[in-house]
There are 2 protein chains.
Amino acid sequence: MTQTGKANGGSDDRPQYVRIGDQLRDRIARGDYAVGALLPTEGELCEEFKISRHTVREALRLLTDAGLIQRRQGSGSRVLAAQPHQNYVHAMRSLDQLFLYASDTRFVIRDMSVAVPEPTLFPEIGGDGAEWLIVRGLRLERDEDIPICDSTVMVNAAYAGIADVLAEGSGAIYRLIEDRYGIEVLEVVQDITVSPITAQAAKSLGKKKDDAAVQVRRRYLGTDGSVILASVNHHPTDRFSYTMHLRREGAKRSWV
Amino acid sequence: MTQTGKANGGSDDRPQYVRIGDQLRDRIARGDYAVGALLPTEGELCEEFKISRHTVREALRLLTDAGLIQRRQGSGSRVLAAQPHQNYVHAMRSLDQLFLYASDTRFVIRDMSVAVPEPTLFPEIGGDGAEWLIVRGLRLERDEDIPICDSTVMVNAAYAGIADVLAEGSGAIYRLIEDRYGIEVLEVVQDITVSPITAQAAKSLGKKKDDAAVQVRRRYLGTDGSVILASVNHHPTDRFSYTMHLRREGAKRSWV
DNA sequence: CGTTCAAATATGTCCGGACAAATTATCCGG
DNA sequence: CCGGATAATTTGTCCGGACATATTTGAACG
């Protein structure tokens, strides 16, 4: 077969690997290959489409990058999803940027203890009598004593050893845990709601007891699905602002 | 050179292309190749590292996938960033899922007009006397008349033609625009704040005039940076909840 | 100096081959 | 039937080659 940069013939000038990749993607979407099932092997695809193994692999790579399949040496290519996800990326260098404050801040620790958390603190967690390292504090503007939010952090007891190195300005707690224990935060679930302010937060933030507060609750999950860390932040409503920039993943950038 | 699955010698069992890719990444981080500058060509890298073009390309692909470089046929490989972004993905099939409501909803249009928007509506937009298609309405639970939020949408006048096809339940407005005009929403900027409720929203949502409301403001930007669409939603604080799941990009999934 | 065109350059696509490494299947013995 | 060893299978890594395509560079000309 003549080697061409693009496929010959017809009005389709897409590269072969793109055409084959699209065909496979369509088959997956149609259910020809069920989620969880294996695709034909590289060899079988070479025979079916009369192309080199290289081209098959490039096509499969497109599917892999799209999150549709997962490949494993010795096993084959398994379908992960029937439809590609259109990812909009909240690009960050790290989770530090998940919540950007208007200016630099510092975290002042008010209290730290290993205890069974109150059931209302994080209902989805606890309730089984297990102890957590509970860190209570206040986040302030760096150079001024303006409180930004009242914060309570629950650290999985398995990582309670970081209590030794927790200090004001010591950086994000989840990072301390990642570094100290060599683990990785895989996923973060963040909930934002508005609710009556707690007595503690009202006191810390200089608010009245019948004021409302914005609650930002986060769970940091590890690779095994366990909760590494959870936090509840109470923000005064009149000083709360949360901005996200979501950008379509894989969008072409101009060359200039 | 003997062809091996992994590099020979020493304690480093990473594939060659990973090692070379890491070396190049380190050089970029150190500033050996400035942002905006070109990397050595494939040929030069082949000579320097004494490896095949295939392996060079695999290494460069790692850098490309990490967002560090951008490659262009005939030109070379240009450095985009000195540090890789650690992307946490808010995976969505589309922007429809940017804001998930607890249940199915419908959008009831109350008013539609082409006009110059009030300056307070979206201060970052307008203010230049330009007209926009302004759509005011209410988002309700699908089968009940419980208002979820009061909504005002400003559509760029270039796409005002969609007024013809706007109807209750006609789906997301940005999608109508994308489909009708063949354009693409590249980025969304979303701001969440809490502020005094507007008179209009108080009336729509059955709230008192001195209540607060959660404001969710969004700008949908096109590939040229222009604002395609902007929206302001007022949610009653006692019924507002926003959940995000952010997952580390490229995280390995278990095979089973 | 600016424009046009051809040549050189640099990446993109596709082929084929070989060996390595991981997994799966099969066979045999207890 | 179960466990261990071996063979077969499947993907991963790396080599080399060839042609296509897009861009850049340099030379010639007005």
Side-chain angles (χ1 to χ4, degrees), chain A residues 1-10 12-22 24 33 37-65 68-80 252-256, chain B residues 1-9 12-22 24 33 36-65 68-80 252-256:
Chain A
M1 183 177 189
T2 305
Q3 294 167 351
T4 57
K6 296 281 173 71
N8 288 350
D12 194 343
D13 60 345
R14 283 174 302 171
Q16 285 229 71
Y17 74 94
V18 174
R19 278 197 307 105
I20 308 293
D22 285 348
L24 295 175
Y33 310 125
L38 291 175
L39 287 190
T41 65
E42 291 179 0
E44 284 163 346
L45 294 170
C46 288
E47 288 184 18
E48 180 188 342
F49 292 107
K50 301 291 186 289
I51 53 177
S52 79
R53 188 177 166 221
H54 173 95
T55 309
V56 163
R57 293 176 62 77
E58 285 293 321
L60 293 176
R61 187 169 215 162
L62 290 177
L63 300 183
T64 304
D65 290 347
L68 289 176
I69 67 171
Q70 180 187 21
R71 285 153 68 57
R72 190 180 175 101
Q73 188 172 348
S75 306
S77 312
R78 186 188 297 283
V79 179
L80 287 179
K252 298 293 183 187
R253 301 177 66 150
S254 66
W255 177 243
V256 294
Chain B
M1 182 176 190
T2 306
Q3 293 168 353
T4 59
K6 298 281 174 73
N8 289 349
D12 194 343
D13 61 344
R14 284 175 301 172
Q16 285 229 70
Y17 73 95
V18 173
R19 279 197 307 105
I20 307 294
D22 285 348
L24 294 174
Y33 310 126
L38 290 174
L39 287 190
T41 64
E42 292 178 359
E44 284 163 346
L45 293 171
C46 288
E47 288 185 20
E48 180 189 342
F49 291 106
K50 300 291 187 288
I51 53 177
S52 80
R53 187 177 166 219
H54 173 95
T55 308
V56 162
R57 294 177 61 77
E58 285 294 321
L60 293 175
R61 186 172 216 157
L62 291 178
L63 299 183
T64 304
D65 290 346
L68 288 176
I69 66 172
Q70 181 187 23
R71 287 156 66 58
R72 190 180 176 101
Q73 188 171 350
S75 306
S77 311
R78 186 187 297 281
V79 179
L80 287 179
K252 298 292 184 188
R253 300 177 67 152
S254 69
W255 179 243
V256 290

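Here is how names work: the chains are called A, B, and so on, in the same order as the sequence lines, proteins then strands, and each is numbered from 1. Just so it is clear, the model here is predicted, and its values are computed rather than measured.
Using a 4.0 Å cut-off on heavy atoms, the residues of residues 52-62 of chain A that approach DNA chain D are A:Arg53, A:Arg57, listed by number. Remark: nothing in residues 41-49 of chain A comes within less than 4.0 Å of DNA chain C through any heavy atom.
Rounded to whole Å, atom P of C:dC15 lies 6 Å from atom CD1 of A:Ile51. Regarding B:Lys50, its NZ atom lies at a distance of 12 Å from the P atom of D:dG16, rounded to whole Å. What separates CG of B:Asp13 from C1' of C:dA21 is a distance of 12 Å, to the nearest Å. Note: CG (A:Leu63) to C1' (D:dT11) measures 15 Å, nearest angstrom. Rounded to an integer number of Å, the gap from CD1 of A:Ile69 to C1' of D:dT10 is 13 Å. In this structure, A:Arg78 atom CZ and D:dT10 atom P are separated by 14 Å, rounded to whole Å. We find that CD of B:Gln16 is positioned 17 Å from P of C:dC19, with the value rounded to whole Å. Atom CD in B:Gln70 sits about 18 Å away from atom P in C:dA10, given to the nearest Å.
Taken from CZ in A:Arg53 to CD in A:Glu42, the straight-line distance is 4.5 Å, to the nearest 0.5 Å. Here CD1 of B:Ile20 is found 12.5 Å from CD of B:Glu58. Values are rounded to the nearest 0.5 Å. Taken to the nearest 0.5 Å, the CG atom of B:Leu45 stands 7.5 Å off from the CD1 atom of B:Ile51. For the atom pair OG1 of B:Thr64 and CZ of B:Arg57, the computed distance is 9.5 Å after rounding to the nearest 0.5 Å. Taken from OH in A:Tyr33 to CD1 in A:Ile69, the straight-line distance is 11.0 Å, to the nearest 0.5 Å. Of the inter-residue distances, the one linking A:Leu38 atom CG with A:Arg71 atom CZ reads 11.5 Å to the nearest 0.5 angstrom.
Between C:dT13 and A:Tyr17, a contact under 4.0 Å exists linking OP1 or OP2 to a side-chain N or O. Applying the 4.0 Å criterion to OP1 and OP2 of C:dA10, one finds that B:Arg71 has every side-chain N and O outside that range.
A side-chain donor-acceptor contact under 3.5 Å links B:Arg78 to the backbone of B:Gly36.
Comparing C:dT13, C:dT11, D:dG12 against the side chain of A:Pro15 picks out C:dT13 as the nearest. In the set D:dT21, C:dA22, D:dT24, C:dA22 carries the atom at the smallest distance from any side-chain atom of A:Gln73.
Around the CD atom of B:Glu48, the shell of radius 6.0 Å holds more than 12 heavy atoms that belong to other residues, nucleotides or ligands.
Within the 4.5 Å cutoff, the side chain of B:Leu39 has heavy atoms near those of the B:Leu60 side chain.
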